[in-house]
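Note that this is a predicted model, so its numbers are computed, not measured. Counting convention: from 1, in listed order, for ligands and their atoms alike.
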Amino acid sequence: MTRKKLVGIAGLGMYVPKKVLTNRDLEKMVDTSDEWITTRTGIKERRLVQPGTPSSTLAAKAANKALESANLKPEEIELIIVATITPDMPFPSTSCFVQSKIGAKNAACFDIGAACSGFIYGLVTARHFIDSGMYKNALVIGVEVLTSVTDYTDRNTCVLFGDGAGAAVLGPVTSGGILSHYLGADGDLANLLYLPGGGSCNPASKDTLKNRLHYIKMSGSEVFKSAVRLMTDAATRAVCDANLGCKDISLLIPHQANIRIINSVRQRIGLPEDKVYLNVAKYGNVSAASTIIALCEAVKEKRIKKGDIVVLVAFGAGFTWGSIVLKW
Ligand code: ACO
C-alpha cells in the first residue's frame, strides 16, 4: 500500500521492578536447578512486582519516561494502546488506567491482546492510525505482571516469566521510521499456550481455583518449535517487504523467551551473534513487554545508531507472531 506519512519512534521509556528472583531462589521453591534453567533457557534472573501492584502502575512509569524523551506533555498524546495479557482487570482496559495515571486526558484508549507479539501488533496498529491522518501521535506500551498468573508449583513454567514495562511514542518522522511489518496468527494452536480460567469459557469458581486454571499452561516443546519457525519467517518476510536482505539488518531484537529459540532464529536468518540483542538472562520472558524493553536497553547501550536497520520480531500465545523493520 502507498504510505501517506513516514511514522517512527519519537521517544522510549522502560520500567522494571527492583525485586529480583534468581535461579537459586527458584531452586528452593520447585525441583529445578540453576544449571537446568541456564542451559535450557538462558535465564539467570527475573524481576517481580510487590504483590498487588497492577500492570498500569508499571506501564505509567514507562510511559512517563517515553513522553519525557519525546519531549511531549501527557495531554498532547492522542492515542494510548496497551499490549498485555495481564490487564489490571477484565474491564475497563488497562490503557484507561494508564491514561488516568499519566494525565493523558485527550487520548483515545484501548488494549491489545496478542501475548508476546502484542507490542509489535500495537506498533503496527498505531502506525496505521497516524499514517491515515486520524491521530498525530500514539503511545504504545507493552506491560506484564506475569507473576500474577505464574504457578510457582509448576517447574515447567515458573522459571520462565517476569514483570516489566516498556513504552514508545510514535509520530511522524522526516526520514526512516517504520519501513515494513508482518503479522500472523493461528488460533488452531491456542491450546498449546493459554490461561484457561477466569474468562467466559471457565468463569472463576471453586473448581477453577482447585484445578489451578488461573495460571499459564504451556506445551513447551511444541511452542519452542513453532516459535523458531514462525519468528524466522516473520523477520524474513518483513525484511523482504522493505526491499532489504537479512544481511542488511544492523540489529535483530527478538522476543526474549529462550536463548535457544533466539540462537536458532539467528542461525536460520544467517546473522552473526553481535547483530542480535539479548537480555533474556536478566528478565526472562516478559511477554508483551519483552521486545520494547530490549529496544530501550539497546538504545541506552548505544547498540543502535542513526541509519541502522533494526528488526523487532516476536511470537506468543494465540499463536500470534509479528515483525517490524525500523530505520533508525
Ligand atoms: N527444572 C528442571 N527440569 C525441568 C524444568 C525445570 N524448571 N522444567 C521442565 N523440566 C524437565 C521436564 O519435566 C522434562 O523432564 P522429563 O523428560 O523427565 O519429562 C525435561 O525437563 C525436558 O522438558 P522439555 O519440555 O522437553 O524441555 P525443553 O527443552 O523444551 O525446554 C522450555 C522447556 C524451556 C519451556 C522450552 O520448551 C521453551 O522455552 N519453550 C518456549 C517458551 C516460549 O517461547 N514461550 C513464548 C511465548 S510465552 C507467552 O506467549 C505468554
Given Y283 and E45, is the side-chain hydrogen bond (donor to acceptor under 3.5 Å, both in side chains) satisfied, shown in steps? CA-CA 6 Å; Y283 305 124; E45 56 189 44; over 6 Å; no
Who gets closest to [atom] by heavy atom: [options]?
atom                    : options                : value
atom 11 (C) of ligand 1 : R40, R155, E27         : R155
atom 33 (C) of ligand 1 : F319, W36, F224        : W36
atom 37 (O) of ligand 1 : A257, C116, A115, G220 : G220

May I ask you to list the atoms of ligand 1 that are less than 4.0 angstrom from any heavy atom of [X]?
X    : result
L193 : 47 (C), 48 (S), 49 (C), 50 (O)
V159 : 7 (N)
T41  : 34 (C)
R260 : 28 (P), 29 (O), 31 (O)
M218 : 35 (C), 42 (C), 45 (N)
N258 : 34 (C), 36 (C), 38 (C), 39 (O)

Heavy-atom distance from [atom] to the protein below 4.0 Å?
atom                    : value
atom 43 (C) of ligand 1 : yes
atom 18 (O) of ligand 1 : no
atom 23 (O) of ligand 1 : no
atom 14 (C) of ligand 1 : no
atom 39 (O) of ligand 1 : yes
atom 28 (P) of ligand 1 : yes

Are A227 and ligand 1 in contact, using a heavy-atom cut-off of under 4.0 Å?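 No, A227 has no heavy atom closer than 4.0 Å to ligand 1.
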Does even one non-hydrogen atom of I261 get within less than 4.0 Å of ligand 1?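 Under 4.0 Å: yes for I261.
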Starting from atom 26 (O) of ligand 1, which protein heavy atom do you reach first, and at what distance in Å?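 Protein heavy atom at minimum distance: S221 CB, 4.4 Å.
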Among all protein heavy atoms, pick the one closest to atom 45 (N) of ligand 1 and tell me residue, atom and distance.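 Looking at atom 45 (N) of ligand 1, the protein heavy atom closest to it is V223 CG1, 3.6 Å.
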Hey, mind stepping through E75 and K105 against salt bridge (charged side-chain N to carboxylate O under 4.0 Å, His left out) and telling me if it holds? CA-CA 6 Å; E75 55 271 26; K105 57 185 180 217; 5.8 Å; no
Heavy-atom distance under 4.5 Å between the side chains of T41 and V280, does that happen here?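 No, every pair of side-chain atoms sits at 4.5 Å or beyond.
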Trace of the side-chain hydrogen bond (donor to acceptor under 3.5 Å, both in side chains) decision for T153 with D151: CA-CA 5 Å; T153 66; D151 184 350; 2.6 Å; yes
Using a heavy-atom cut-off of under 4.0 Å, does the side chain or the backbone of [X] touch ligand 1, or both, or neither?
X    : value
N156 : both
N285 : side chain
T32  : both

Can you tell me if [X] and [Y] form a side-chain donor-acceptor pair at under 3.5 Å?
X    : Y    : result
K44  : T38  : yes
T84  : E144 : yes
T291 : H255 : no

Could you go step by step and tell me if R268 and N263 meet the side-chain hydrogen bond (donor to acceptor under 3.5 Å, both in side chains) rule? CA-CA 9 Å; R268 285 169 184 227; N263 279 335; over 6 Å; no
Between D233 and R237, does any side-chain N to carboxylate O distance fall below 4.0 Å?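 A salt bridge links D233 with R237.
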Taking all atoms of both residues into account, what is the closest heavy-atom pair of [X] and [Y], and its distance?
X    : Y    : value
N285 : S287 : OD1-N, 2.8 Å
C116 : F315 : CB-O, 3.1 Å
L271 : L252 : CD1-CB, 3.8 Å
G164 : A289 : O-CB, 3.4 Å

Could you please spell out the steps behind the side-chain hydrogen bond (donor to acceptor under 3.5 Å, both in side chains) verdict for D154 and T157? CA-CA 6 Å; D154 174 15; T157 52; 2.9 Å; yes
Quick one: does A317 get an N or O within less than 3.5 Å of an N or O on ligand 1?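 Looking only at distances, the answer is yes, because the N/O contact criterion of under 3.5 Å is met.
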